[in-house]
**Q** 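The structure that follows is given in the form of structure tokens.
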Amino acid sequence: MWTLADRSIQSRLFLGTARYPSPEILQQSIKASGTNVVTVSLRRESAQENTGNRFWDYLRQTGCHILPNTAGCLSVREAILTAHMSRELFQTNWIKLEVIGNDDTLQPDPFGTVEAARILCSEGYEVFPYTTDDLVVAEKLLAVGCRIIMPWGSPIGSGQGLRNIEALRTLRERLPEATLVVDAGIGRPSHAAQALEMGYDAVLVNTAVALAHDPVQMAQAFGAAVQAGRLGYEAGMMHPSSRAQASSPTVGLPFWHQEGAH
């Protein structure tokens with residue numbers, strides 16, 4: 001178990017709920033992944049066929065914590081309005097904040113994100129801001145009241161994985177008390193394991209599961225990957241070396257066991 005905001009969470013995998021073949025496949029994928037947190041976009045789902053009480057009921061039946069998000073919002077005003085609607089609908093003060101600044105890369109607007117986070121934190125929200133891997137922006141988000149930061153691994157839906165390893169490492173090293181969740185760009189279970197091995201607290205995955213040939217099996221694979229990554233981090237992984245080191249040292253062995261002995 002670990003603590004996310006004010007709640008005890010078992011899994012370190014967050015799962016998005018968009019683009020699945022059917023609500024039934026989504027529900028099965030959530031169960032197979034072992035996740036305790038699912039995200040949902042009020043704006044996007046309301047414009048698609050999953051709209052209505054049936055979709056919300058499917059999510060509630062999973063027993064997961066719902067993390068509404070402001071996906072698709074292009075301004076501070078839009079994001080705050082969507083957050084207000086989400087709190088009323090889902091009865092939660094959690095909100096995944098997205099203020100998009102570029103239509104092509106879907107890169108977040110750092111200025112709008114910080115401003116919206118400041119307003120929402122002052123209104124009592126637990127803000128999960130989607131941001132880039134920029135340390136200065138992350139520090140400003142923490143300064144306005146965020147406790148959780150969600151840097152991208154690479155652009156949303158790209159499947160490129162962790163494109164800027166050094167920047168992500170810097171975030172983890174410089175923000176030891178913050179909860180850090182890699183959000184966006186995760187395309188393979190190995191990407192998720194890599195993030196957890198670096199000390200990140202969790203990852204959020206959507207497209208890589210929803211569009212897989214078998215979403216349920218892929219969800220299970222990601223669930224196993226985050227467990228493996230976290231176990232490796234906690235166990236203390238070996239550091240790379242430029243020199244070879246024998247796994248079976250010769251020190252203390254009888255001379256006839258040593259290489260080259262006759």
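By convention here, the first residue in the shown sequence is residue 1.
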**Q** Would you give the length of the straight line joining atom OH of Y130 to atom CD of E98, rounded to the nearest 0.5 angstrom?
**A**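 Rounded to the nearest 0.5 Å, the OH-CD separation comes out at 6.5 Å.
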**Q** Given side chains that start at C-beta, do those of T35 and I30 come closer than 4.5 Å, heavy atoms only?
**A**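 T35 vs I30: side chains touch.
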**Q** Do other residues, nucleotides or ligands put more than 12 heavy atoms under 6.0 Å from E139 CD?
**A**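 Result for CD/E139: enclosed.
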**Q** Indicate yes or no for a side-chain donor-acceptor contact from S154 to the backbone of G161 under 3.5 Å, with no hydrogens or angles considered.
**A**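 Here the side-chain-to-backbone pair exists.
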**Q** Counting only heavy atoms not in R77, do more than 12 fall under 6.0 Å of its CZ?
**A**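 At most 12 heavy atoms, drawn from other residues, nucleotides or ligands, come within 6.0 Å of this atom.
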**Q** Just do the side-chain contact (heavy atoms from CB on, under 4.5 Å) check on N102 and L106 with the steps written out, would you?
**A** CA-CA 5 Å; N102 185 282; L106 299 181; over 6 Å; no
**Q** If you apply the rule side-chain contact (heavy atoms from CB on, under 4.5 Å), what do you find for L67 with V40, and how did you get there?
**A** CA-CA 6 Å; L67 176 59; V40 60; over 6 Å; no
**Q** Under the side-chain contact (heavy atoms from CB on, under 4.5 Å) criterion, do Y125 and L97 qualify, and how do the steps go?
**A** CA-CA 10 Å; Y125 285 86; L97 175 63; over 6 Å; no
**Q** Can a donor-acceptor pair be found, under 3.5 Å and without considering hydrogens, that links the side chain of S75 to the backbone of E78?
**A**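 Between the backbone of E78 and the side chain of S75 there is a qualifying donor-acceptor contact (under 3.5 Å).
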**Q** Kindly state each residue pair satisfying salt bridge (charged side-chain N to carboxylate O under 4.0 Å, His left out) with at least one member in residues 218-230, sequence neighbours excluded.
**A**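 Qualifying pairs: R230-E234.
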**Q** Show every side-chain hydrogen bond (donor to acceptor under 3.5 Å, both in side chains) that has at least one partner inside residues 171-184, sequence neighbours left out.
**A**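 Listed once each, the pairs are K96-D183, R172-D201.
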**Q** Are I148 and V127 close enough that some pair of their side-chain heavy atoms sits under 4.5 Å apart?
**A**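 I148 vs V127: side chains apart.
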**Q** Does CZ in R87 sit with more than 12 non-hydrogen atoms of other residues, nucleotides or ligands closer than 6.0 Å?
**A**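 Count over threshold, so yes.
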**Q** Closest approach of T207 and G157, non-hydrogen atoms and distance?
**A**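 The answer is OG1-CA, 4.0 Å.
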**Q** Determine whether more than 12 heavy atoms belonging to other residues, nucleotides or ligands lie under 6.0 Å from atom CD of E88.
**A**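 12 or below, so no.
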**Q** Mind checking whether V209 and L196 sit in one hydrophobic cluster, side chains of I, L, V, M, F, W, Y counted as touching below 4.5 Å?
**A**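 Yes, V209 and L196 fall within the same hydrophobic cluster.
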**Q** Using ring centroids (six-membered ring only for Trp), state whether W94 and F128 fall under 6.0 Å.
**A**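 Here the rings of W94 and F128 have centres that are less than 6.0 Å from each other.
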**Q** Please report the shortest heavy-atom distance between W2 and S11, naming the atom on each side.
**A**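 Looking at all heavy atoms of both residues, the shortest contact is NE1-O, 3.1 Å.
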**Q** Could you report the tightest heavy-atom contact between T39 and T17, atom names first, then the distance?
**A**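 Minimum heavy-atom contact is O-OG1, 2.7 Å.
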**Q** Of all heavy-atom pairs between N69 and S41, which one has the smallest distance, and what is that distance?
**A**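 Scanning both residues, the minimum pair turns out to be OD1-CB, 3.2 Å.
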**Q** Please test V99 against F111 for side-chain contact (heavy atoms from CB on, under 4.5 Å), starting from the C-alpha separation and ending with a verdict.
**A** CA-CA 9 Å; V99 182; F111 309 104; over 6 Å; no
**Q** Count the heavy atoms belonging to other residues, nucleotides or ligands that lie under 6.0 Å from CG of D103, then report whether that count exceeds 12.
**A**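 12 or below, so no.
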**Q** Would you list the atom pairs, donor with acceptor, under 3.5 Å between side chains in residues 112-124 and any protein atom, with sequence neighbours excluded?
**A**
| from | atom 1 | to | atom 2 | distance (Å) |
| --- | --- | --- | --- | --- |
| T113 | OG1 | D109 | O | 2.7 |
| E115 | OE1 | R118 | NE | 3.2 |
| E115 | OE2 | R118 | NH2 | 2.7 |
| S122 | OG | I119 | O | 2.5 |
| E123 | OE1 | H84 | NE2 | 2.8 |

**Q** With rounding to the nearest 0.5 Å, note down the distance linking CZ in R7 to NE2 in H65.
**A**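 Spacing of CZ (R7) from NE2 (H65) equals 5.5 Å.
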**Q** Given N164, which of D133, L171, T132 fulfils the side chain to side chain contact (heavy atoms under 4.5 Å, CB included) condition?
**A**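 Single side chain to side chain contact (heavy atoms under 4.5 Å, CB included) partner of N164 among D133, L171, T132: D133.
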**Q** Which heavy atom in A208 sits nearest to a heavy atom in G187, and how many Å separate them?
**A**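 Nearest pair, atom of A208 first, then G187: CB-O, 3.5 Å.
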**Q** Mind listing the closest non-hydrogen atom pair of G185 and H191 along with its distance?
**A**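 Minimum heavy-atom contact is O-ND1, 4.3 Å.
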**Q** Y200 side chain to L168 main-chain N or O, any donor-acceptor pair under 3.5 Å?
**A**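 Checked: pair present.
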